[in-house]
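So the structure is just underneath, and the comments pick up after that.
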Amino acid sequence: MSRYSAAEIEAKWQQAWDRAGIFKATREGDKPKYYVLEMFPYPSGRIHMGHVRNYTMGDVVARYKIATGHNVLHPMGWDAFGMPAENAAMASGGHPKDWTYGNIADMRAQMKPLGLSIDWSREFATCDPEYYGQQQALFLDMLAEGLVYRKNAVVNWDPVDMTVLANEQVIDGKGWRSGAEVERRELTQWFFRISDMAEELLEALDGLENWPAKVRLMQENWIGKSRGLQFAFGLNEGPDGHDRVEVYTTRPDTLMGASFVGISPDHPLAKTLERDNPDVAAFCVEARKGGTTAEAIEKAEKMGFDTGLRARHPFDTSCELPVYIANFILMDYGTGAIFGCPAHDQRDFEFATKYGLPIIPVFEPVEATDEPLTEAFVPPKSEKTRFVRGFAGDEVQTGDAAVNAAIEFCEQNGVGQGVTKFRLRDWGLSRQRYWGCPIPVVHCETCGVVPEKKENLPVQLPYDEDGTPIDFGVPGNPLDRHPTWRDCTCPACGAPATRETDTMDTFVDSSWYYARFTAPHAATPTDLAEAEYWMNVDQYIGGIEHAILHLLYSRFFARAMQITGHLPKKAIEPFNALFTQGMVTHEIYQTSDAKGRPVYHLPEDVSDGKLADGTPVEIIPSAKMSKSKKNVVDPASIIAAYGADTARWFVLSDSPPERDVEWTASGAEAASKHLARVWRIASEVANAPETATPEADEALLREMHKAIDEVTKGVESFGFNAAIARLYAFTNTLARSTAGKAAKTEASLTLAQLMSPMTPHLAEDIWAMLAGTGLVATAPWPLADPAMLVDENITLPIQINGKRRAEISVPHDMPKSEVEKVALAHDAVIKALDGAQPRKIIVVPGRIVNVVI
RNA sequence: GCGGGCGUGAUGGAAUGGUAGACAUACCAGACUUAAAAUCUGUUGGGGCGUAGCCCCGUGUGGGUUCGAGUCCCACCGCCCGCACCA
C-alpha cells in the first residue's frame, strides 16, 4: 500500500484489537482502575454527530488511561425504554420491542466502525428483562426502606390520549399529540422520597470539585433551599375545621406590610368553600385551568376571588386582612397560602392594584421620597434600608439580618417558627405507558397494595407469544387493556388480584445503569465486590441537558442503593468527575415554496450556496443538527467517504470540547488531508539520510519532547483542540526537518502515539509501518524529558515601559543581573534611555525584561 | 424577575498577569503540470513613513489596579444559557 486508505486500515486494526481482547475489562492485575463512561444513547435508530463527539471524547480518555497504565472500564449500553418506541408502534404498527431491538442492532453496527475502546461484553439495554428485573428488585428494596411511597398528586392529564403528560408535553395548555385541552387531575402515583435527601444532596455538591461549577449551581438552584417563617393567621368566622391559615414566607421582615392573605385554589380551605358556594367553585375551576409550563404561566392573568373571610394580623389584631383565592398560588410549595405585601413584592403589588388593596411600605430607601409608589420596592441586599414599622423599633437592618431579626422576634412572641424549605419535590415515577419497567406491585382487595415476591421477578411486559396481540392503535395504556396480563394472585394471601399497570419513568432506568455495568450479568442488582472495585465512575461525559434531572436522580439512587445494600459507601457520589460537552452544529440551507413557507435542504444537496438545479439557498447560521431543519450530516456517510479517524479528528479539533463545534465540509476535508499527510510523512521516513547534522536531529527531538509535554497536558485537561493544534505544529516541524532516519523514526513513532487516542487506526498503522513494538493501543505513553523542554538559548522580549521594543537571545540559565546587562546594552534600550538611568528593571526569568524609564 | 456565562482577524479559535492572533479554515500569489486534481512554498489585524527597515493603533465601551492587562476590579452595552407566579 502506497497511499493512506482509511477503509483498509480501519477494519484491519479493529480486528487486531478484537483478537487481542485489549478492551475487555477484568478485575485482575495490580494496575489502578479507571472507569470512563459516556451517557448511554437512546436507540433512535441512527447515530448522529453528537454521539460521535461524545464517544470520541470518552475514547480519548479511555485510550490515554490504558496507555498510562490503568485498568480501564469503558462500557456501552442502551437507554431503551420510552415513548418514541410506542409512538412508532402507534404510527406504523409493529411492536415497541421489535422496533427497539432493531434500532439497537442498527446503531451498534454504525458505532462499531468508529473504533471505540469499548468492552462490548458488558453491553445491555434497559429493556432487557434481565436489567429491568433487577430494577424491580431494587424498587422492592427501596419500598421496604420507605424510599418509595404512594400518594395523590395533581398531574397534567390528556383526556384524549388518556395518559399523564410531562410539563414539556403540554403546549399552550394542550396535549402535544392530541391537541386536547389538558386537565389537572388528581391521581394516585408512586413517588421516590428524594426531597428527604434535599439537604444532603445540596451539601454534597461542595465535594464535587471535578464537576462544572455551572452544573453544581443549577442543581443548587433546583434544590432551592430557603429559610423563612411559618406561622398562622387566625380566621374570623371560618368554616368548620378552618379557624386558621398557615403561611410560609421568606420575607417575615415585611409582615407589618401585609394587606391580604392568598390561598391556592387547591388549598383545603378553598375546597371546603367550593362545596357550599357555586361562585367559589366556578372560580376554582377557572383558576385551575391551564398548564404548568412557563409559557402558560407567563400568559395567565392574575385572578383573585375574595372569599369574604377575614384574617387577623398576628401583631395587630385590630387589623383584618381579606382572604383571596388566587390562581398564582401553588399548592405544592410552602403551605399553599401566602400573605401579600404589595409594597415590597412586585406580584403582590400588581394584585393589590387590581383589587384596590392597601399598599403599606415597611422599608424605605435611605433617600426617601414622598411620591406614591408606582412599583414594589424590593430592598436590594447590598443597599442600606431602614426597618421602619418594625418589631424591633427603628433599628437599621439589611437583607438577611432583617429576616433573621424578624424570625427571632416572631419566635419570641409565639408567632410561628423559623423553618427551612426546599423547592425540590418528590419524584413521581408512575407513567401510564406500556414500554417501560413494570412497577412490581399487586393490588389485592383484602391486602391492599402488596409488593411482588422477588422470586417472581422479573414482572415481564407481555409480548404476544401466547397469541394475544397488544393493540397500540388506540390511546391509553395497553397494559390496562390487556385481557390477561393484569390477572395474578396476591403474594400475601394468594387470592386473585390485579397487577399495577403503571410503568416507571425512564429516568429510573438511567439512574443506576452505571452501577450495573460493573457486573452486568449479576443475579442481584449489583455485585458488591465488583462495585467496590470499579466504582466510582472516574470520568463521566455527556450533554449539559442532563445537568439537573438525570444527574440529580443518579445521585439520589446512589444513596438509595447504599441504604439498600447494593452499593458500597464510597459510591455515595457516583461520578467523581463530570464533563459536559458541546453540540455539533451545522449551517441551515433554506429556500421557500410557492406559498412562502420555508423548505430546508440537506448539506449534501447544496454546493457553493446552490442546489443542483442552480437555485441559490439562504444560509441560516449554524444551529444544533436537527432532522426538521435538515442540517444533519450522517456519520455513516462521513466514515464511508473519509474514514472514522477523520470524523474523530474533526469533532475534536477547532472548538474547545465544552463548546459547540460547527461541522463544515471544508473542515472535514482538511482533517482528512492532514491524516493522509501524516501517513505519507511517516512512510517517507525511510528515505531520510542515515546520518544528518547533530543539530537537525537535536532540534527535532527537542520539538518532540515539547509536543509530548503539551499534548499530554492537553489530553489530561480536556484541551483536545489545543492538543490537536500542537500535533499539527509538530507534524509541520517533522515534515520540514532535515534530521536523519533514526531521529525521524523516533519522532514519527512518538507522533503516532500522541495521536493514538484520537486517531487510533492511523496511529496503529504508522506504528506497525515503523516497526513499533506490539500495538500502539497498549504501548506505554511517552514521557517528556524535562531537560529537552528548555532550549540552551532563549529569546527574551524586551519591553520599554511595558511595550515590546526589542528582543535578545541569552542562555536559558543566565542570572538576572547578567540578563539586565545584556538588555541595557541593546541599541533600542540605549536609544530610549538617551543617556538617562532607568528607574526600574524587571526581569522575569525565561519570560520577559521590562525597562521602566 | 433571579442565577450563571461569554464578547479576540474574513471564520473556528490560541494565549499559568509577561512577545496578542498559536493551530486550522477561507482568500490571494507562486512552484510542479499540456491542463486539472493532488502536493509543496509564501502572503494576509488596521494605519502610516524616508519601505532590506521603522513608527503608531489594536482583544465590545469607559474607568481603575499593576513595571506590565485579552486575562484582575468597577460601571455600561450586546449576545447566550439555566430557573421561575417558589411566597
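Letters A, B, ... are given to chains in the order of the sequence lines, protein chains preceding strands, and every chain is numbered from 1.
- Rounded to whole angstrom, the span from the CZ atom of A:Phe349 across to the P atom of B:A87 amounts to 20 Å.
- Centroid-to-centroid, the aromatic rings of A:Phe718 and A:Phe720 come within less than 6.0 Å.
- Using a 4.0 Å heavy-atom cutoff across all strands shown, A:Arg216 reaches no nucleic acid atom at all.
- Nucleotide B:G9 is shown with a syn base, its glycosidic torsion being within 90° of 0.
- Remark: C1' of B:C56 and CZ of A:Arg804 are 15 Å apart, rounded to the nearest angstrom.
- Checked against the 6.0 Å centroid criterion, the rings of A:Phe650 and A:Tyr642 do not qualify as a close aromatic pair.
- Of the C1' atoms belonging to B:G50 and B:C55, the separation is 12 Å, rounded to the nearest Å.
- For the atom pair A:Leu552 CG and A:Met218 CE, the distance stands at 11.5 Å (nearest 0.5 Å).
- The CZ-P distance, from A:Arg659 to B:U11, rounds to 15 Å in whole Å.
- Minimum atom distance to the side chain of A:Arg347 is reached by B:C85, of the listed B:C85, B:U19, B:A24.
- A side-chain donor from one of A:Arg555 and A:Gln219 sits under 3.5 Å from a side-chain acceptor of the other.
- Among the nucleotides B:U39, B:A87, B:G13, the one closest to any side-chain atom of A:Arg680 is B:U39.
- Distance alone, capped at 3.5 Å, is enough to place a donor-acceptor pair between the A:Asn631 side chain and the A:Ala623 backbone.
- The phosphate of B:G68 has neither OP1 nor OP2 within less than 4.0 Å of any side-chain N or O from A:Arg847.
- Distance from the side chain of A:Ile842 is smallest for B:G18 among the nucleotides B:A22, B:G18, B:U25.
- Here, B:G60 and B:G7 have their C1' atoms 6 Å apart, quoted to the whole Å.
- Contacts of A:Ile329 with the nucleic acid, taken as non-hydrogen atoms under 4.0 Å apart, include base atoms.
- In terms of position on RNA chain B, the residue among A:Asn732 and A:Met218 whose nearest nucleotide sits closer to the 5' end is A:Asn732.
- A straight line from NZ of A:Lys803 to P of B:C57 spans 5 Å, rounded to a whole angstrom.
- Atom OH in A:Tyr728 sits roughly 12 Å away from atom P in B:C23 (whole-Å rounding).
- Side chain A:Arg805 to base B:U19: no donor-acceptor pair is found below 3.5 Å.
- At a threshold of 4.0 angstrom between heavy atoms, the contacts of A:Ala722 with the nucleic acid are absent.
- No engagement by A:Asp348 is indicated, since no non-hydrogen atom pair under 4.0 Å with the nucleic acid exists.
- Distance from the side chain of A:Arg736 is smallest for B:U41 among the nucleotides B:C85, B:A14, B:U41.
- Comparing B:G30 with B:G21, their C1' atoms sit 25 Å apart, to the nearest whole Å.
- Look at the C1' atom in both B:C76 and B:A84: the space between them is 27 Å, to the nearest Å.
- In this structure B:U61 sits in a base pair with B:A75, meeting the Watson-Crick or G-U test at under 3.5 Å.
- Between B:C83, B:C23, B:U25, one nucleotide has an atom nearer to the side chain of A:Ser666 than all others, and that is B:U25.
- Nearest heavy atoms, A:Ile407 versus A:Pro252: CG1-CG, 3.7 Å.
- Across all strands, A:Leu217 comes closer than 4.0 Å only to sugar-phosphate atoms, never to a base (heavy-atom distances).
- For A:Tyr248, whose side chain is taken as the heavy atoms from C-beta onward, the closest listed nucleotide among B:A87, B:A84, B:U16 is B:A87.
- Residue A:Pro656 places its side chain closer to B:A14 than to any other of B:C67, B:A14, B:U19.
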Please lay out, stage by stage, how A:Glu662 and A:Ser622 fare under the test side-chain hydrogen bond (donor to acceptor under 3.5 Å, both in side chains).
CA-CA 7 Å; A:Glu662 182 180 25; A:Ser622 214; 3.2 Å; yes

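- For the C1' atoms, the distance linking B:G45 with B:A10 amounts to 11 Å, nearest Å.
- Base-pair partner of B:G53: B:C49 (Watson-Crick or G-U wobble, both distances under 3.5 Å).
- Rounded to an integer number of Å, the gap from A:Ile223 CD1 to B:G3 P is 18 Å.
- When each of B:A24, B:G18, B:G82 is scored by its nearest atom to the side-chain atoms of A:Gln799, the top-ranked nucleotide is B:G18.
- Taking atom P on both B:U19 and B:A26, the two are 30 Å apart, rounded to the nearest angstrom.
- Taking atom CZ of residue A:Phe351 and atom P of nucleotide B:G1, one finds them 22 Å apart after rounding to whole Å.
- Distances shown here put every side-chain N or O of A:Lys214 at or beyond 4.0 Å from the OP1 or OP2 atom of B:G4.
- A:Asp332 comes within 4.0 angstrom of no nucleic acid atom, judged by non-hydrogen atoms across all strands.
- Distance noted for atom P between B:A38 and B:C80: 38 Å (whole Å).
- Checked for salt-bridge contact, A:Arg251 and A:Asp345 miss the test: no charged N lies under 4.0 Å from a carboxylate O.
- The base of B:C67 sits with one of its N or O atoms less than 3.5 Å from a complementary donor or acceptor on the side chain of A:Asn850.
- Among the nucleotides B:U19, B:G12, B:A87, the one closest to the side chain of A:Ser655 is B:G12.
- Using N1 to N3 plus N6-O4 or O6-N4 for Watson-Crick, or N1-O2 and O6-N3 for G-U wobble, each under 3.5 Å, B:G1 pairs with B:C83.
- Taking the centre and axis of the six-membered ring of A:Tyr248, the NZ or CZ atom of A:Lys421 falls inside the cone set by 45° and 6.0 Å.
- B:G9 and B:U43: their C1' atoms are spaced 15 Å apart (whole Å).
- Here B:G68 presents its P atom at 8 Å from CG of A:Asn801, a figure rounded to the nearest Å.
- Of the residues near RNA chain B, A:Lys673 and A:Val852, the one whose nearest nucleotide (by heavy atom distance) lies more toward the 5' end is A:Lys673.
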